[in-house]
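Below, each value reflects all heavy atoms present in this structure, side chains not excepted, and no hydrogens, waters or symmetry copies. Ligands are counted one by one from 1 in listed order, and the atoms in each one are counted from 1 as well. Note that the numbering runs from 1 along the sequence shown for the chain.
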Amino acid sequence: MNRPSDIHTTPTAAGEPTDNARETQPQGNCQLSIVNCQLSNDCPLSIVNSQLKRIIVAIDGHSSCGKSTMAKDLARAVGYIYVDSGAMYRAVTLYALRHGLFKDGHLDEAGLEALLPEARITFVRDKDTGLPHTLLNGGDVEETIRGLEVSSHVSPVAALPAVRAALTRMQQDMGRERGIVMDGRDIGTAVFPDAELKVFVTASAEVRARRRYDELQAKGQPAAFDDILRNVRERDYIDSHRAVAPLRQAPDALLLDNSHLTIDEQRTWLLERFKEKTKQ
Ligand code: DC
C-alpha cells in the first residue's frame, strides 16, 4: 500500500494546498482545509497488507466511552487513516472563542458562519507518539481543544447547521479513497451512511463517569464524581436531542457495550469485525 508515512500540513493560503498527503480541497465557499493524518504503518502488530480491501469504518457513540481509543488502535493495526471528527468540532469552537463569538455565553451564529471560511483545520502526526495533533490555522491546539473551556462551549457550535455542513463535507472528502477509521456521533448515519463497518459504542453513564474521573485524577485535575456524572448525562442528552445529525445508532451498526470489557478485549473484538468485513 503506497501511503505517505509522514504527515504534515502546509499552511498555505486557503485553496493552495501543497501537501503530499490526501488533502481535502475546499468546496463551495468553505475555505477550511484538512490534511489527513495517519497512524504508523510500522507498528509491530500491524496487519497492513496491500491486498486488504479498503473500507470505511465508522465508530459512533456516547461521550467518554473509549471510541477514540478503539478507533486509533484499529487504524494503527491495519494501516488506515484515523480521523477524530470531534477534534474538528472542538477546533471550530476554539476558533469561535478566540474571535469573541461567545457573548454572555451565547454563540454569535451569524458571526461564526461569516468567519468560518478563515478557519483552517489540519492534522499532523506527532513524531514521538505517532498520535494525531490538531492544528488551527497552523498552530497546534491539541491540548487546548481538550480543555474545559472548549468542552463547555462545543455543543452549540456542533449544533450549527453551517458548521456541520462544512465539516461533514470535509470528512466525506477525507474518506473518498476509503481506508479510513473515523469516530464521532454521526459518522455512520450522516457522514458515511455507506460505511462497510459501523459500530455504535456505549457504556453505562456511571462507568463512563468513573473512567473520566480516573483520567482526571491521573492528570492531577481531580473533580467531584457526581459533577462528572451529571456532565456525562447532560452531554448524552444534548448529543441525542439536537435537531441536526443527532447521535443515533445506525440501523446497520453493530452495538458494542464496553462497560465490562478491557481495552484489549474491545480491540480484539473490533479487529475481528474488521477482518470479517475485509475478507476478499
Ligand atoms: O467526541 P468529542 O467529545 O471530542 O466531541 C466534541 C463535541 O463535538 C461533542 O459535543 C459532540 C460533537 N460531535 C459531533 O456533533 N459530531 C461528531 N461527528 C463528533 C463530535
Please set out all donor-acceptor pairs under 3.5 angstrom arising from side-chain atoms of residues 245-259, sequence neighbours excluded.
residue, atom, partner, partner atom, Å
R248, NH1, S240, O, 3.4
Q249, NE2, A253, O, 3.1
D252, OD1, K198, NZ, 3.1
D252, OD2, K198, NZ, 3.2
D257, OD1, S259, N, 2.9
D257, OD1, S259, OG, 2.6
N258, OD1, R211, NH1, 3.2
N258, OD1, R211, NH2, 3.4
N258, ND2, C65, O, 2.7
N258, ND2, Q266, OE1, 2.8
S259, OG, S204, N, 3.1

Would you call R176 and D173 a salt bridge, using N to O less than 4.0 angstrom? yes
Using a side-chain heavy atom cutoff under 4.5 Å and only I, L, V, M, F, W and Y, what cluster partners does I263 have? none
State, with a plain yes or no, whether a side-chain heavy atom of D227 is found less than 4.5 Å away from one of R230. yes
For ligand 1, what is the set of protein residues having any non-hydrogen atom at a distance below 4.0 Å? S85, G86, Y89, R90, V154, A158, R164, G184, R185, D186, I187, R235, D239, R242
What donor-acceptor contacts under 3.5 angstrom involve side-chain atoms of residues 86-97, with partners at least two apart or in another chain?
residue, atom, partner, partner atom, Å
Y89, OH, R164, NH2, 3.3
R90, NH1, I145, O, 2.9
R90, NH1, S151, OG, 3.1
T93, OG1, Y89, O, 2.7
Y95, OH, L115, O, 3.2

What is the minimum heavy-atom distance between K277 and K53, and which atoms define it? O-NZ, 3.4 Å
